[in-house]
**Student:** 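Have a look at this one.
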Amino acid sequence: MRSVDDLITEGVSGRRVLLRADLNVPLDKTTRQITDDGRIRASLPTLQALREAGARVIVSAHLGRPKGAPDPQFSLAPVAARLGELLGTAVPLATDVAGDDARAKAGALGDGEVLLLENVRFEAAETSKDDAERGELADRFAALADVYVDDAFGAVHRKHASVYDVALRLPHYAGRLVAQELDVLRRLTSDPERPYVVVLGGSKVSDKLAVIEALLPKVDRLLVGGGMCFTFLAAQGHGVGKSLLEADQVDTCRRLLDEAGDRIVLPVDVVCAPEFSADAPTTTVGVDAIPDDQMGLDVGPRTVELFGRELGGALTVFWNGPMGVFELAPFQAGTRGVAGAVSHVEGLSVVGGGDSAAAVRQLGLDESAYGHISTGGGASLEYLEGRDLPGLAVLAD
Ligand code: ADP
Ligand code: MG
């Protein structure tokens, strides 16, 4: 796999580079302001290196899930503005993805200048299952540039036109973020230093069952919190009240618990409330005493202590998924406590997942205390599952 640094060594001055970046940041629902610019900042090293080498950089990216047509709600305009601030230079935004305006603006770029294309998901072809449809869009992307650099780690598990098909059409290179993410994931999968502890949380067990199956034989401990712990607790025979429960996954969770023995560690206490609200009265109970009319919205303090002990001696840690509804103040303590324990790990600590990374920043934790904070939730989970990622396979050829 050739890297952007190989491209710079070859000489990139005056050449037009199509750079696929992951700029899919969370926006405030009403103000449309960016609430966490972590992914934009993570894309800067590759972008700066290309600019300094004199490349003419055409950035493509997606934002949210528009329905395959232009939708002002999902315009990349706020991202272009923030990117411009961070780079200290104006970043114009094309009004289309790969149409007349994109062609005109890309043609007018000077050395070291940056153009952002409009949200690639404004084109239905971007995510189409039909190779020919994606191919037609990829042809238009390819016509904009001389070479292609993929730095959108968060999208490498997608067989999309701007990630996969365009790389078949242009000389292609991996960006620095992609290279860095891969380096860390390789350390997690090939011979990790032990003890190796994985912490999983977040909302849906069904999203993460495949990664649990793949990781169980490799880890020394798997700590489960977040909304997904209740399906496991139900599998152990506990009543979980109104907590998140995926009834159709209880049998699978029971089988996993049987197979894993003491390698799966579940919460011992939970913070409950009668409803999903920051003002609701909370009670903390043992997992065998969750009231029928309450829902578990965070792990309790004894669980934080237990998970902290398990993490204490670990030399490799991967954490994905918040321990509770950290967006609401009364249910932050579990995520804060576990995030703190992960940050104190002596060996390699990796945080994966959009919400987990956002939680680290929102809770004011020191990002530099972690070995690596991944920008790609789905992509890193699929890598750990051992699946083939189309966006990486195409770069390797
Ligand atoms: P990531 O993006 O890090 O992979 P997920 O998307 O899987 O994480 O899950 C994040 C979401 O899980 C958060 O919005 C959080 O509020 C929710 N969550 C965590 N614990 C619970 C719980 N006990 N009940 C309901 N939702 C929860
Ligand atoms: Mg998420």
Side-chain angles (χ1 to χ4, degrees), residues 26 28-30 35-36 197-208 221-247 249-250 253 257 264-312 319-344 351 353-366 377:
D28 183 277
K29 281 192 183 64
T30 43
T35 53
D36 178 41
V197 179
V198 170
V199 191
L200 290 178
S203 41
K204 289 174 83 184
V205 191
S206 48
D207 276 358
K208 298 188 183 176
R221 284 283 187 275
L222 178 69
L223 318 179
V224 181
M228 62 191 262
C229 75
F230 298 100
T231 307
F232 280 98
L233 290 171
Q236 280 190 330
H238 295 296
V240 297
K242 295 194 297 175
S243 309
L244 210 60
L245 174 70
E246 288 181 73
Q249 305 296 341
V250 172
C253 288
L257 287 168
I264 292 186
V265 182
L266 296 177
V268 290
D269 58 347
V270 290
V271 181
C272 296
E275 59 188 17
F276 203 93
S277 150
D279 311 315
T282 64
T283 41
T284 301
V285 298
V287 291
D288 51 0
I290 301 172
D292 284 345
D293 58 349
Q294 303 256 325
M295 53 180 85
L297 295 175
D298 195 10
V299 299
R302 286 198 292 126
T303 303
V304 171
E305 233 174 85
L306 171 67
F307 285 10
R309 274 200 302 279
E310 296 289 352
L311 288 162
W319 167 41
N320 168 278
M323 294 293 102
V325 183
F326 73 97
E327 297 93 334
L328 304 178
F331 313 109
Q332 280 177 357
T335 302
R336 187 192 300 280
V338 168
V342 173
S343 77
H344 291 127
V351 182
D355 291 290
S356 315
V360 164
R361 290 188 280 265
Q362 251 174 57
L363 299 177
L365 293 148
D366 178 9

**Student:** Just to verify, what does Gln249 make a side chain to side chain donor-acceptor pair (under 3.5 Å) with, not counting sequence neighbours?
**Tutor:** none
**Student:** When you look at Lys208 and Asn320, which way does the side-chain contact (heavy atoms from CB on, under 4.5 Å) test go after all the steps?
**Tutor:** CA-CA 10 Å; Lys208 298 188 183 176; Asn320 168 278; 2.5 Å; yes
**Student:** Are Val205 and Cys253 close enough that some pair of their side-chain heavy atoms sits under 4.5 Å apart?
**Tutor:** yes
**Student:** List the residues meeting side chain to side chain contact (heavy atoms under 4.5 Å, CB included) with Leu244, not counting sequence neighbours, and say none if there are none.
**Tutor:** Ser203
**Student:** Using the side chain to side chain contact (heavy atoms under 4.5 Å, CB included) criterion, which residues pair with Asp279? Sequence neighbours excluded.
**Tutor:** Ser277
**Student:** Who are the side chain to side chain donor-acceptor pair (under 3.5 Å) partners of Thr303, not counting sequence neighbours?
**Tutor:** Asp269
**Student:** Arg361: what forms a salt bridge (charged side-chain N to carboxylate O under 4.0 Å, His left out) with it, not counting sequence neighbours?
**Tutor:** Asp36, Glu367
**Student:** Holding to side chain to side chain donor-acceptor pair (under 3.5 Å), I want the full list of residues that pass it with Asp292, two or more places apart in sequence or in another chain.
**Tutor:** none
**Student:** Are Leu245 and Val250 side-chain neighbours, meaning at least one heavy-atom pair lies under 4.5 Å?
**Tutor:** yes
**Student:** Quick one: list whatever passes side chain to side chain donor-acceptor pair (under 3.5 Å) with Lys242, sequence neighbours left out.
**Tutor:** none
**Student:** Side-chain contact test, heavy atoms from C-beta onward, threshold under 4.5 Å: evaluate it for Trp319 versus Leu311 and give yes or no.
**Tutor:** no
**Student:** Check whether any side-chain heavy atom of Leu257 lies under 4.5 Å from a side-chain heavy atom of Leu266, and answer yes or no.
**Tutor:** yes
**Student:** Quick one: are Val197 and Phe307 in side-chain contact, heavy atoms under 4.5 Å?
**Tutor:** no
**Student:** Sequence neighbours left out, what passes salt bridge (charged side-chain N to carboxylate O under 4.0 Å, His left out) with Glu310? Give chain and number order.
**Tutor:** Arg221
**Student:** Just jot down the side chain to side chain contact (heavy atoms under 4.5 Å, CB included) partners of Cys229, sequence neighbours excluded, or say none.
**Tutor:** Val224, Leu233, Pro267
**Student:** Just grab all the side-chain hydrogen bond (donor to acceptor under 3.5 Å, both in side chains) pairs involving residues 324-340, residues at least two apart or on different chains.
**Tutor:** Gln332-Arg336
**Student:** According to side chain to side chain contact (heavy atoms under 4.5 Å, CB included), who are the partners of Ala333, at least two apart in sequence or on a separate chain?
**Tutor:** Asp298
**Student:** Report yes if some heavy atom in the side chain of Thr284 is under 4.5 Å from a heavy atom in the side chain of Val270; otherwise report no.
**Tutor:** no
**Student:** For Val285 versus Cys272, what's the shortest heavy-atom pair and its separation?
**Tutor:** CG2-SG, 3.9 Å
